[in-house]
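First up is the structure itself, then whatever we jot down about it.
Remember, predicted model here, so these are calculated numbers, not experimental data. Chain naming here is simple, since letters A, B, ... match the order of the sequence lines and numbering starts at 1 in each. In what follows, every heavy atom counts, from backbone to side chain, and hydrogens, waters and symmetry copies are set aside.
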Amino acid sequence: MPKKQNVNSSRRNFLAGSATVAGAAAAASVMPISIANANHTAADAKGLPSWTSWKKRSALIIHSDKGMETHRDAIGESVITPLRHVYIRNNMPTMSDAQIGNRNNWKLKVEGVKNPKTYTLAQLKQLAQRTEATVLQCSGNGRGFFAHKPRGSQWETGAAANLIWTGCPVSAIVKDCGGVVSGAKFMTSAGADMPKQLDPKKALVERSVPIKAHKDALVAWEVNGVAIPNSHGGPLRMITPGYFGINNVKHIGKLAFTAKESSVKYMKSSYRISPIGKKGSQYPSCWEMPVKSWITSPLKSAKSGNVVVSGVAMGGTRKASSIKVSVDGGKSWKSAKFTGPDMGKFAWRRFVFETKLKPGTYKIVSKASAGGKSQPKLRMENRRGYAHNGWLDHGVDVTVS
Amino acid sequence: MALMLQFRNIIFTTLFIVSITSSQSWGDVMKQGMEIFNEKAGCSACHVLKHAGSEGNIGPNLDMSKDSKDVAYVKDMVQNGLGVMPAFGEDGILTPEEVDIVSKYVANVAGK
């Protein structure tokens, strides 16, 4: 397992400045590590926690009762990820039915607008509706590939899902409230899930994103045809299409348009992409997701002859435009085909690549492009193992017999 | 030859003393570890750990976590914190020795 860290100057510039995650990831350069344990299954993993016992245990890797990852081969072949297979990552305890009460009476307070209001969920349903397919992905998806073993769940590919949300567009709420106040630069969402005994500065999940994100955002009450389960942030969840999971605030209780980013820990110091050994609010926050893809089949073995390589490709806030596959570790590439419905730029596309393989071992990798940028070969080293989109680490070693 | 025998005896005696000391201190470590967990650090407010009788639900259930049996991982978390979890070592809430003791305790009893 090579651990040489050959970080290039582009990355340094990024980490010192305010470039986007997507731009930085494209410029990343560091030696890869083996992915031998990419589809890890813990022999001693225990069952599902009671609050999300409806999940399919065999589809999940249990990192802890607050962190569950979808097995690489369990996202399915139907573009949309089955809800029972979708990963869980919680910063706060999931709210119970008793805490939530009547879902239609759930309240959303809106501030930083000309006419501040508090809406019930029932009122939001009557105000406006939009349905959007988006990739929901934890900022640390791919952390398990980093050689320096960043703290946190060792996600590989499964802290991501493609989901269909229905909710009220934030733009409709803004319009109904007379527009945002002058000077507002951020859309700031706060969860209502923090236990009262905790200090909001340290524990409130409040996230600010650039105000431009509000045009695509919605506050959602439904996912994949059902009311959003409590464990996925129901009854109301902020959905910021193209932005990392943490910005899709669960159990949202307050939406504000602010001149400054929130000063809570989850905004100020957590989820910052800093060099290894450094931390601080001067580093970029986990906002827009970079272009990314990974193979979901085959993962370890295949029979010789015709082999269908398949996977998923996403573009973050840009539409995934093309996908290439290499069966020789990136020496030569061929175009793969997207298949299945195009659900818009915020969703992922399923891809297939048909090839003929003789018995032997193959390093199969995929490389997606979006908005004129392609996945980099190598990961962007950073302290907490965020935003990994390097294609080499995400490849698979397949034995064909 | 006599020197070698003397040296061997010194080694055996040392090993015996170390063995006894270690045996005693391990029990102390476990006892102190549980006290730190439940009282000084207050880990019990946020974590389930059956051995300590705690049922906190802010952070991960330590009996279910894959990492809580890894003393180095636990120590790193206690030292530096993560998310809402305070940096007990870095912020001086616990002494380095206490960080070490509570980490050994958690890693030893998690899942039991």
Neighbours of chain A found in residues 39-50 of chain B - heavy atoms under 4.5 Å: none
Could you tell me whether a side-chain N or O of A/W106 sits under 3.5 Å from a main-chain N or O of A/H251, the two making a donor and an acceptor? no
Would you give me the side-chain donor-acceptor pairs under 3.5 Å for residues 85-93 of chain A, sequence neighbours excluded?
from  : atom 1 : to     : atom 2 : distance (Å)
A/H85 : ND1    : A/A74  : O      : 2.6
A/Y87 : OH     : A/C138 : N      : 3.1
A/R89 : NH2    : A/N91  : OD1    : 3.1
A/N90 : OD1    : A/K250 : NZ     : 2.4
A/N90 : ND2    : A/T94  : OG1    : 2.8
A/N91 : ND2    : A/Y271 : OH     : 3.2

Proximity breakdown for A/L198 and chain B, heavy-atom pairs closer than 4.5 Å: side chain
Contact list for residues 72-96 of chain B, test salt bridge (Lys or Arg N to Asp or Glu O under 4.0 Å), sequence neighbours left out: A/R151-B/D76, A/K279-B/E90, B/K75-B/D100
Between A/R384 and A/S270, is any side-chain donor less than 3.5 angstrom from a side-chain acceptor? no
Does CD in A/Q197 sit with more than 12 non-hydrogen atoms of other residues, nucleotides or ligands closer than 6.0 Å? yes
Pairing residues for A/S263 by the side chain to side chain contact (heavy atoms under 4.5 Å, CB included) criterion, not counting sequence neighbours: A/K201
